[in-house]
Amino acid sequence: MKTNSINSISPLDGRYFSQTAFLAEFFSEKALIQYRLKMTKSNSKIWGGRFSSATNQLMEEFNSSIQFDKNLYIEDIEGSIAHSEMLSKQKIISKNELELIVSGLKQIELEISNSEFNFSLELEDIHMNIENRLIEIIGEAGKKLHTARSRNDQVATDIKLWLRKRIDQIEVSLKSLQETLIEKSELYYDLLMPGYTHLQVGQPVTFGHHLLAYVEMLGRDRGRLSDCRKRLNELPLGSAALAGTSYPIDRHFVAQKLNFSKPTENSMDAVSDRDFAIEFMSVSSLIAIHLSRLAEELVIWSSDSFNFIKLPESYTTGSSIMPQKRNPDAAELIRAKPGRIFGNLLSLMTVLKGLPMTYGKDMQEDKEPVFDTAKTIESCIINMEGMIKNLEPIPYKMMEALQKGFPTATDLADYLVTELKIPFRDAHHLTGQIVMLAEKKESTLENLTIEEIKTIIPNAETTILDILKIESSVSKRTSYGGTAPDNVLQAIKKAKERFLKD
Ligand code: ARG
């Protein structure tokens, strides 16, 4: 077995080493050695009163969350200030104590943001790290901060505060992506391209219409985010450990201070559910799905075989071996990110399922997936926007692909029904024969002559040639929500009203 000065105190296998590497990212080597070598007989923890022996050190590392929940320091301090203001208003602590607490907390905030704060693994999490430091700085008054609260309601409050900010940020990014998509569709409201089903050319559409489809998806995502934010926006603090508290606290005051719509109704629910985090991650999963579909289209469109668009160089990379390549890496990554976003969602759902009321340490597992999801989705949206803003369509390539796909066949069938009064089934069959003819002659539908058409539809008139034109097919799709360029212009106007106001 491997041993060294740090690890000799722990008779464990390889997993120990990997955890060491993990912790080393967060603590200087010196701090880590000091920590590991410290073998206390008694337990010096904040909650150590009833303990006669020290925590197993491996367990301590396993148990601690400071490596990742230090992310919550701003929210933890925000919550603590509101809580102590309430304690003072309710005369549970004095004004003087309040002032000391607030100034101590502000100092801590500065220390952390300037990377001058000494995070301790022994102190388990961000809540105890901050509280302990507060006591160091202001003494006795610091010991009163935790009156009438518990880490259980505190952590739930911190995550909600954190998530609320991220949701607001994601919402702004989504809106900005919508704006960029709308601008692009305005530029290309009448640019013809193939519309696909089964990735086979179906009917002609405009590029603008295609892009607006994503504006709709993202609009619904924004709606879901704001619903999630509304449901999340109830304050857990004051629920204490699980049952509420006997101190005369004022939860409505704290809710108002922290911009929550109201305090939660049930203390047991408040400390033990993370449905809001799951909801956030499921909304994020839908956003990721939508973005990955668009990303995949960018990959397809920019491929040599399609060549419908030129992606901005700044979002592509070269190959180290094949000099001609420009790889759509950003799009491919956005296509891939749902993997981790769904994974995060599934991981928290699994943690919470079957968990008996109320708080369980299991719930500490909520943070990393939530943090990772927020960061990942945000960067997907921003990178997508960069690509959309700077991509350039290649119209003649879109047209070439369109013509190869006989996209006006449906128009021909419809014409036979309405003008020549042929029943739709028969019209469908005749049109199929026309397509076969064009295929045999290696012609597009547009380039067939009236004589050729008459060999299959003897009573065809020359107006039929117009029907086969791609432009006329598109401009006739005027049904509500259809692709006709005039419709697209209308839709753009409405989309601006619906999504870009205020
Ligand atoms: N670090 C903990 C978490 O993230 C804070 C709450 C701890 N509460 C407790 N009773 N041990 O969930």
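For ligands, and for the atoms within them, numbers begin at 1 and follow the listed sequence.
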Query raised in the report: Would the number of heavy atoms belonging to other residues, nucleotides or ligands and lying under 6.0 Å from CZ of R224 be above 12?
Result: yes
Query raised in the report: If you count the atoms of ligand 1 from 1 in the order shown, which ones are under 4.0 Å from a heavy atom of Q364?
Result: 1 (N), 2 (C), 3 (C), 4 (O), 12 (O)
**Report entry** Check against side-chain contact (heavy atoms from CB on, under 4.5 Å), D76 and H127
**Finding:** CA-CA 7 Å; D76 196 73; H127 324 295; 2.8 Å; yes
Query raised in the report: Do N129 side-chain atoms and D125 backbone N/O form a donor-acceptor pair below 3.5 Å?
Result: yes
Query raised in the report: Looking at S65, which atoms of ligand 1 are within less than 4.0 Å of one of its heavy atoms?
Result: 1 (N)
Query - contact_flag K367 ligand 1 heavy-atom lt 4.0 Å - result: yes
Query - Side-chain donor-acceptor pair present, S176, E385, cut-off under 3.5 Å - result: yes
Report task. Return the residue, atom name and 0.1 Å-rounded distance of the protein heavy atom closest to atom 11 (N) of ligand 1. Result -> R151 NH2, 3.4 Å
Report task. Return yes when atom NZ of K262 has more than 12 non-hydrogen atoms of other residues, nucleotides or ligands closer than 6.0 Å, and no otherwise. Result -> yes
Query raised in the report: To which of N152, N63, T358 does the heavy atom nearest atom 10 (N) of ligand 1 belong?
Result: N152
Query raised in the report: Mind checking what makes side-chain hydrogen bond (donor to acceptor under 3.5 Å, both in side chains) contact with K337, not counting sequence neighbours?
Result: none
**Report entry** For atom 12 (O) of ligand 1, the protein heavy atom that lies nearest, with its residue and separation
**Finding:** Y359 OH, 2.4 Å
Query raised in the report: Taking only heavy atoms of D125, which atoms of ligand 1 are found under 4.0 Å from at least one of them?
Result: 1 (N), 2 (C), 5 (C)
